[in-house]
Number of protein chains: 2
Amino acid sequence: MATTTAAERRQQARVEYDAFLKSCPTNQLLDRISDKWVSLIVSALADADGPMRYSGLGRRIAGVSPKMLTQTLRSLERDGIVSRTVTPSVPVRVDYELTPLGANLSCLLTAVKDWAEHHIEEVVEARERYDASSEAS
Amino acid sequence: MATTTAAERRQQARVEYDAFLKSCPTNQLLDRISDKWVSLIVSALADADGPMRYSGLGRRIAGVSPKMLTQTLRSLERDGIVSRTVTPSVPVRVDYELTPLGANLSCLLTAVKDWAEHHIEEVVEARERYDASSEAS
DNA sequence: GGTGCCTACTTACCAATGGATAGTAACTCT
DNA sequence: AGAGTTACTATCCATTGGTAAGTAGGCACC
């Protein structure tokens with residue numbers, strides 16, 4: 001025994017942390033928000049004032065597959081960030097809209113987008129510098 | 001001919017959009033920021049004042065695998081968000097620290113984290129409501 | 001003096017995630 | 001009657017990310 005090596009300690013830390021993570025909903029929420037499609041969908045819905053339809057979102061975001069679009073919308077609906085209203089007209093019509101909570105969130109995402117737009121040049125420069133110096137090796 | 005169906009139009013939209021996306025660095029940057037590990041690493045570095053070591057970050061974030069930790073740190077370094085300093089002491093020592101740009105970004109991520117902490121209850125309630133109503137079906 | 005540990009990774013493999021494409025239901029239009 | 005509409009599922013496959021083990025190079029312990 002006494003095989004309490006670094007590997008074991010790491011293992012144990014992981015198990016403890018897992019329990020912590022699973023029980024900490026803030027982390028879950030952070031995960032949800034830190035999703036590519038979530039930010040794109042929320043900002044699309046924020047830009048358009050008024051509801052958007054499934055196909056409209058698909059066209060707006062375009063890079064998204066129907067699968068991911070549905071999946072992400074469902075999870076956002078579950079979290080109370082978007083609302084989904086089905087109008088059983090001739091071909092069904094489904095409208096998605098930000099809830100007040102979602103509108104609140106969209107402010108943050110807009111801030112992130114603005115940051116990205118403001119600082120993109122610095123990042124691009126940093127990348128060029130980095131690439132140049134590693135090529136030179 | 002004249003097979004210009006919905007599928008074709010969608011295809012074309014996708015191609016156009018792809019070109020747009022590839023050429024739009026803001027979107028790339030948004031992608032980078034919208035990453036689980038990025039937000040965790042940046043906020044870990046922001047919390048600790050002063051540099052953190054590789055193993056320290058690994059312990060702090062714990063759920064991260066060494067692979068992802070290295071990968072994410074490299075990309076953040078490339079983007080000029082963290083700085084990496086190697087001290088060739090007895091066992092090598094590597095320190096990571098936020099650059100000014102990174103510190104700037106961390107404000108945003110802190111805001112997101114705060115939002116998550118403030119609104120988690122609403123989200124949990126929304127989830128319960130959603131799950132209850134779909135179970136009832 | 002050799003076994004083992006330290007740090008900071010890299011590598012190989014494998015499961016899960018996400019994307020492309022096609023299909024479905026219910027109905028209308030031609 | 002066949003094609004088109006909307007809002008999705010379903011299937012398959014590529015890519016991503018996780019797990020675990022290995023690597024380098026030096027020191028400490030036995």
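Labels below follow one simple rule: chain letters A, B, ... track the order of the sequence lines, proteins then strands, and each chain is numbered from 1. Just so it is clear, the model here is predicted, and its values are computed rather than measured.
B:Val64 is not listed as a side-chain neighbour of B:Leu40, based on a closest heavy-atom distance of 4.5 Å or more. Inter-residue side-chain proximity for B:Tyr130 and A:Glu77 is flagged as met; some heavy-atom pair is nearer than 4.5 Å. In this structure, A:Asp79 and B:Val124 have side chains that are not in contact, with every pair of non-hydrogen atoms separated by 4.5 Å or more. In this structure the side chain of A:Arg84 never reaches within 4.5 angstrom of the side chain of A:Glu97, judged on heavy atoms. Between A:Thr87 and A:Val94 there is no side-chain heavy-atom pair separated by less than 4.5 Å. Residues B:Val82 and B:Thr99 are not in side-chain contact: their nearest non-hydrogen atoms beyond the backbone lie 4.5 Å or more apart. For the pair A:Leu69 and A:Ile41, the minimum side-chain heavy-atom distance is below 4.5 Å.
A donor-acceptor contact under 3.5 angstrom links the side chains of A:Tyr54 and A:Thr70, judged on distance only.
A:Arg53 has a side-chain polar atom (N or O) that falls below the 4.0 Å cut-off from OP1 or OP2 of D:dA7. A close approach under 4.0 Å does occur between a side-chain nitrogen or oxygen of A:Tyr96 and OP1 or OP2 of D:dC8.
Rounded to whole Å, the distance from CG on A:Leu40 to P on C:dG19 is 11 Å. A straight line from CZ of B:Arg93 to C1' of D:dG25 spans 18 Å, rounded to a whole angstrom. For the pair B:Arg59 CZ and C:dC9 P, the computed distance is 14 Å after rounding to whole Å. A:Asp31 places its CG atom 10 Å from the P atom of D:dG18, with the value rounded to the nearest Å. The nearest whole Å value for the distance from the CG atom in A:Leu57 to the P atom in D:dA7 is 10 Å.
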After noting the C-alpha distance and the side-chain angles of A:Arg93 and A:Asp95, does the key distance pass the salt bridge (charged side-chain N to carboxylate O under 4.0 Å, His left out) rule?
-> CA-CA 7 Å; A:Arg93 175 202 173 95; A:Asp95 286 300; 3.1 Å; yes
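The residue among A:Asp95 and B:Pro91 whose nearest nucleotide of DNA chain D is located toward the 5' end is A:Asp95.
For the segment residues 73-88 of chain A, the set of residues with a heavy atom within less than 4.0 Å of an atom of DNA chain D comprises A:Arg74, A:Arg84, in numerical order.
With B:Asp35 contributing its side chain and B:Trp37 its backbone, the two residues share a donor-acceptor pair below 3.5 Å. In this structure, B:Ser89 contributes its side chain and B:Pro91 its backbone to a donor-acceptor pair below 3.5 Å.
Taking only side-chain atoms of A:Pro66, from C-beta outward, the nucleotide of D:dA7, C:dA22, D:dT6 with the closest atom is C:dA22.
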Produce the list of close N/O pairs, under 3.5 Å, pairing protein atoms with atoms of nucleotides 15-17 of chain D; give distances to one decimal.
unit_1: D:dG17; atom_1: N7; unit_2: B:Lys67; atom_2: NZ; d: 3.3

N/O-N/O pairs, protein side and nucleotides 26-30 of chain D side, under 3.5 Å:
none

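Among the atoms of the strands shown, only primed sugar atoms or phosphate atoms (P, OP1, OP2) are found under 4.0 Å from some heavy atom of A:Ser55.
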